Amino acid sequence: MGTFAPLQLYSKGVIGPASEEDGVSILFDLFVSTNTPRAEIVDRLVTEAEQYVDIHMVMADREFDGHQVLHTLDEHDVTYLIPKKKYTDDLEGVSKVENHPISDVGVEPDVELWLDGELSHEVNIMYVPSRNEDGKYTVISTNRNGVEPEDVRGLCARYDRRWEIENEYKQIKKFLPTHASTDYRVRAFSFVFGCLLYNVWRLTDYLLKLELGIPIRDKPLLTAGETIELLACILVPDG
């Protein structure tokens, strides 16, 4: 997410299954006013994404934890994994996990999520030891049915893959045009153009590997820098 006052930019990153694809594609960018409700943003992002891909799971950060957002995702009939902002209200669940003689993970199943006095859907709340803070727990909500304690680590590992998207966003910086403008329209165009060039790089690498029979998850055949040079030669042949 980036801020270009008076707008905020949200982009939809798509990552494939580990067994099939590597890398992230930036599907599209969405500009909204700074006071747009999170649920409306999610609804627009998912609605747009569904036109291009089959959505198997939505993963978002704590910023999107909220009944209205979870309700919106469930209405789209997609599975979600979203960490809770705070687990002050979940201390009882954490205590049960801590006091368990064997397991260090747990699930609170079929928690009813209510919205405006009506039952929206049931949520499974998962507890897993934090990887960053000793003695702390990460608490993640999901609408996936039938979550058992033995499923928790696998689902959390899938959520960890979301960080591949964060890492790939750093790669996009290499494709951003250099300028000193403070005009949000120029900055917004620069980011969208950078995303377009990034996608060209990922697609080129994917097609090259298919042609040469190289595993998709191998390191890129072309670096970002080499791709930029090739694109520059094409776009500005006499430059």
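Here the structure is a predicted model, which means the values were calculated and not measured. The analysis underlying the following values was restricted to heavy atoms, covering all of them including side chains, and did not include hydrogens, waters or symmetry mates.
D61 approaches Y159 most closely through the heavy-atom pair CA-OH, 3.6 Å. Minimum interatomic distance between V123 and S141 (heavy atoms only, all atoms of both residues): CG1-CB, 3.8 Å. Nearest heavy atom pair, residue D65 against residue P83, reads CB-O, 3.5 Å. Across all their heavy atoms, I140 and C156 have their closest contact at CD1-SG, 3.9 Å.
Ring orientation note: the planes of F189 and F193 are close to parallel, at an angle under 30° on the 30°/60° scale. The aromatic rings of W201 and F175 are tilted relative to each other, their planes meeting at an angle between 30° and 60°.
Cluster membership check: V69 does not share its hydrophobic cluster with L115, using side-chain heavy-atom separations under 4.5 Å among Ile, Leu, Val, Met, Phe, Trp and Tyr. V111 is connected to V139 through a chain of hydrophobic side-chain contacts under 4.5 Å among Ile, Leu, Val, Met, Phe, Trp and Tyr, so both are in one cluster.
Residues satisfying the side chain to side chain contact (heavy atoms under 4.5 Å, CB included) criterion with D110, sequence neighbours excluded, are E122, N124.
Side-chain atoms of R153 and V128, non-hydrogen and from C-beta on, do get closer than 4.5 Å to each other.
Under the 4.0 Å criterion applied to side-chain N and carboxylate O atoms, D205 and K209 are assigned as salt-bridge partners.
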What's the verdict on side-chain contact (heavy atoms from CB on, under 4.5 Å) for L212 and L221, showing C-alpha distance, side-chain angles and the deciding distance?
CA-CA 10 Å; L212 299 174; L221 297 177; 4.0 Å; yes

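Atom CD of Q51 sits in a crowded spot, with more than 12 heavy atoms from other residues, nucleotides or ligands closer than 6.0 Å. More than 12 heavy atoms of other residues, nucleotides or ligands lie within 6.0 Å of CD in E150, so this atom counts as buried by the packing criterion. Under a cut-off of 6.0 angstrom, the local environment of CG in D183 is crowded, with over 12 non-hydrogen atoms contributed by other residues, nucleotides or ligands.
Checked by atom type, the side-chain pair S120/H67 shows no donor-acceptor distance below 3.5 Å.
Other members of the hydrophobic cluster containing W114, listed by chain and number, are L119; membership follows side-chain contacts under 4.5 Å among ILVMFWY residues, whether direct or relayed.
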